[in-house]
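All residue numbers in this chain count up from 1 along the given sequence.
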Amino acid sequence: MQNKFKLVRLNQAVQTQLIVDESKFFINYKNQLNEAQYEAASAGEGPYLIIAGAGTGKTRTLVYRVARLIEMGYNPESILLLTFTRKAANEMMNRASLLLDRRCSKIIGGTFHSYANSILRKYAKAIGITSSFTILDQGDSEDVINLIRSQAELVSKEKRFPKKQTLNKIYSLSANTYRTVEDIVADEYPHFYKDLDKIEEIRKVFLEYKKKNNLLDFDDLLIYLKDFLFSLSPSATAILQSINFVMVDEYQDTNKLQAELVRALTQLKKNIMVVGDDAQSIYSFRGANFKNIMEFPSLFEGTKIIKLEENYRSSPEILSFANKITEAAIEKYDKKLYTKLKPGVLPIIIAAATENLQSRFIVEKILEIHEEGIPLKEIAVLFRSSFFSFDLEIELNKANIPFVKFGGMKFVETAHIKDILAILRITLNPRDFVSWYRILLLHEGIGPKSAQKIMDDLANANISIQNNPESLTKNKLLEKVYPLFELLYKLHNSKGLPSEKAQIALEFYYPLFKSKYDDFNKRKKDLDIFINISENYKSLENLLADMAIEPPIDSVVNIEGESKEDDYVTLSTIHSAKGLEWNSVFIIHAVDGFFPMSRLADKVENIEEERRLMYVAATRAKQNLIITYPMNIFDREAGTTLSKPSRFIADISEDYFENWLLEE
């Protein structure tokens, strides 16, 4: 193949622009791809931003570009493909190899962290570290922080201080977002702001400890590589000159640190292609920065933007509805998804009188869709937050519909739900010592030995919740748990409804809950949902029986691995559903105040991300999209009854969906 050379300034990499003769290619790229995909796959040197709408064949386009670059004569080892999972990188390389040949497997492909690790090991001496460094995973980092936290004597039993998990999260978020520790504590953990100096001191010791002991955590891998590349030392320059093309998948999910690393990798050669969809940027809670994809063209001068808009997944009706969701977005790349698939049915929005009616309707509709020949595996129920599905899980169990749940904490696995259930179980069975032990240990000054002494007294009938607890004040140990016995005596003798008992238990538990969990603000919604579930029961026995005999956890375990069921409905948070698709999709709890969450409504960027979440959810559906919301949900946090549909669907014209009201 003939080469044509060009001169560039000294200290910049010499690039070669290869002449392309497509007639000699093994693959007919024009025939295999649509027009926009072909334009992206045949992109040569320079910066490119590929805006790939949902279901538009993003992976296919990247795979064909890899094959085409190799057919053009570029060394496979000069192509760097960065993804968010090793699985995604392997899948692309395997598909490219099947498409062309084994040369495609020689490209440098992997996650940001795996690539950083390989470079740091190879160039350790030039970077100033030893190649035998140990990588700390999240648990390791937390343990080191806990060691420093204890040794520094910064924490006393009298004063509350962030736990190791919280400290690690603060430090990692700071590293990945370029926000200061002070900003993160002020925004997300304001109750610890008074301890800011101690939090920053522990971080300083943590950084020194890692350096001294040849330890790198996940964030350090990227920081060390970025700094090394920006140094433009002879070794760093050699690496940069060896890379002809950089490609980044799911660019909308990158954080500030990853975006800076991409900039570092492309200092000498601006041959960068990033692929993503601004409308699917939904991971800010992990540090992802929506601005990265929006500001890419200004960061890389001369960026060519190519939009993939032909969708191969959803019916025209679902795409028209999804386009309307993003139409109102404040900041976006204008695009309109379309398809050549045959017309289907309009999406449906259903207002249900209550949450339980919503759940029972979904169960009935799932059975109806299944009767029409759609496998359960082709049906998904998506929700904004994990706790929205708790009531539905109970109804699915009653109907013997198998399901698997993904994303978020599982209902009866959450420690705070276990705590509240333990209180209620004791009122029914005072000899439930498993529950006793759990609740006793929540109390200040009660350790395992003290708890055992109290349980021995209970077992010997020296004390009982059936008796007025006034006499307990004579015992110093029991004085510490007097309010607990007072509560249990009251509940044991109460004739109230389960919801009333649950509310009384919650009022007692709430101070313990706040002191035990640093992230109680995020967890407290679970407790509200439990109260909502309890309102469906007339007896405490039945409520606890449903939680014990057929708890949601029985069907929550990943039965795919155990092959207990070949067919099951998927329950998933929207975050966990990204990248997946089903024939029929339900989006539940689409009520304003829950979707978007009322606590997120104070910032425009939060509302816009919630809008994108709704778009991601809607574009998972191929044929049937059914959105439901309960009209009478009490939000204890806001002190209001929520009854309006999510603002993201409320203003869409009824030309784009069917509207139904569900009553008993």
Side-chain angles (χ1 to χ4, degrees), residues 157-160 163 191 411-521 523-531 533-535 537 539-541 543-545 547-548 551 636:
K157 288 183 179 177
E158 291 74 36
K159 282 188 70 181
R160 185 174 178 188
K163 293 181 171 62
H191 46 294
F411 188 29
V412 296
E413 287 181 332
T414 54
H416 42 293
I417 294 298
K418 284 182 177 179
D419 291 343
I420 205 85
L421 283 171
I423 294 171
L424 295 173
R425 284 190 180 119
I426 293 169
T427 67
L428 277 184
N429 176 15
R431 296 183 68 81
D432 182 347
F433 292 111
V434 173
S435 294
W436 269 112
Y437 190 67
R438 181 179 194 90
I439 298 304
L440 288 170
L441 289 179
L442 290 173
H443 291 75
E444 189 72 32
I446 301 292
K449 287 182 181 177
S450 300
Q452 192 57 55
K453 281 181 185 176
I454 294 170
M455 290 193 295
D456 288 344
D457 279 340
L458 285 161
N460 296 325
N462 295 333
I463 52 176
S464 169
I465 65 167
Q466 289 151 320
N467 301 327
N468 193 308
E470 286 178 7
S471 60
L472 300 179
T473 53
K474 296 172 186 174
N475 182 315
K476 281 191 176 181
L477 177 60
L478 294 175
E479 267 184 9
K480 295 176 180 177
V481 289
Y482 178 80
L484 173 64
F485 277 81
E486 201 173 34
L487 166 82
L488 294 171
Y489 174 76
K490 181 179 179 181
L491 289 175
H492 184 71
N493 293 290
S494 168
K495 302 295 183 188
L497 290 168
S499 57
E500 293 166 357
K501 292 184 178 183
Q503 186 62 50
I504 293 167
L506 179 57
E507 286 165 11
F508 166 83
Y509 172 63
Y510 203 71
L512 300 172
F513 167 69
K514 280 183 75 175
S515 69
K516 185 177 180 183
Y517 301 105
D518 291 344
D519 57 349
F520 62 86
N521 277 320
R523 291 176 180 251
K524 64 184 177 182
K525 188 69 80 173
D526 290 4
L527 299 172
D528 290 346
I529 295 297
F530 177 72
I531 300 295
I533 288 175
S534 70
E535 287 166 359
Y537 292 84
S539 85
L540 186 58
E541 289 89 341
L543 170 62
L544 296 179
M547 295 293 131
R636 287 170 176 78

Euclidean distance, Ile420 CD1 relative to Gln503 CD, rounded to 0.5 Å: 9.0 Å
Report, one line per pair, each donor and acceptor closer than 3.5 Å where one atom sits in a side chain of residues 453-467; sequence neighbours left out.
unit_1: Asp456; atom_1: OD1; unit_2: Gln452; atom_2: NE2; d: 3.2
unit_1: Asp457; atom_1: OD1; unit_2: Asn462; atom_2: ND2; d: 3.2
unit_1: Asn460; atom_1: ND2; unit_2: Asp456; atom_2: O; d: 3.0
unit_1: Ser464; atom_1: OG; unit_2: Gln466; atom_2: N; d: 3.0
unit_1: Ser464; atom_1: OG; unit_2: Gln466; atom_2: OE1; d: 3.1

Under the criterion side chain to side chain contact (heavy atoms under 4.5 Å, CB included), I'd like the reasoning laid out for Leu506 against Phe530: C-alpha separation, chi angles, the key distance, then a yes or no. CA-CA 10 Å; Leu506 179 57; Phe530 177 72; over 6 Å; no
Can you name the residues that form a side-chain contact (heavy atoms from CB on, under 4.5 Å) with Ser539, not counting sequence neighbours? Glu541, Asn542
Residues at least two apart in sequence or cross-chain that pass side-chain contact (heavy atoms from CB on, under 4.5 Å) with Ser435, listed by chain then number, are Ala422, Arg425, Ile426, Asp432
Side-chain atoms of residues 485-497: list all donor-acceptor pairs with protein atoms under 3.5 Å, sequence neighbours left out, distances to 0.1 Å.
unit_1: His492; atom_1: ND1; unit_2: Thr427; atom_2: O; d: 2.9
unit_1: Asn493; atom_1: ND2; unit_2: Tyr489; atom_2: O; d: 2.7
unit_1: Ser494; atom_1: OG; unit_2: Gly496; atom_2: N; d: 3.0

Any chance you could measure Leu484, atom CG, to His443, atom NE2, to the nearest 0.5 Å? 4.5 Å
Side chain to side chain contact (heavy atoms under 4.5 Å, CB included) assessment of Phe513 paired with Leu442: CA-CA 9 Å; Phe513 167 69; Leu442 290 173; over 6 Å; no
From OH (Tyr509) to NZ (Lys516), nearest 0.5 Å: 6.0 Å
For Pro448, what residues pass the side-chain contact (heavy atoms from CB on, under 4.5 Å) criterion, not counting sequence neighbours? Tyr437, Leu441
Pairs meeting criterion salt bridge (Lys or Arg N to Asp or Glu O under 4.0 Å) with involvement of residues 433-443, two or more places apart: Asp419-Arg438
For the residue pair Leu543 and Pro498, what are the closest heavy atoms and their distance? CD2-CB, 4.3 Å
Roughly how far, to the nearest 0.5 Å, is the CG atom of Asp518 from the CZ atom of Arg160? 5.0 Å
To the closest 0.5 Å, what do you measure between CD (Glu500) and OG (Ser534)? 9.5 Å
Start with the C-alpha distance between Tyr517 and Lys163, add both sets of side-chain angles, then the distance that settles side chain to side chain contact (heavy atoms under 4.5 Å, CB included), and finish with yes or no. CA-CA 9 Å; Tyr517 301 105; Lys163 293 181 171 62; over 6 Å; no
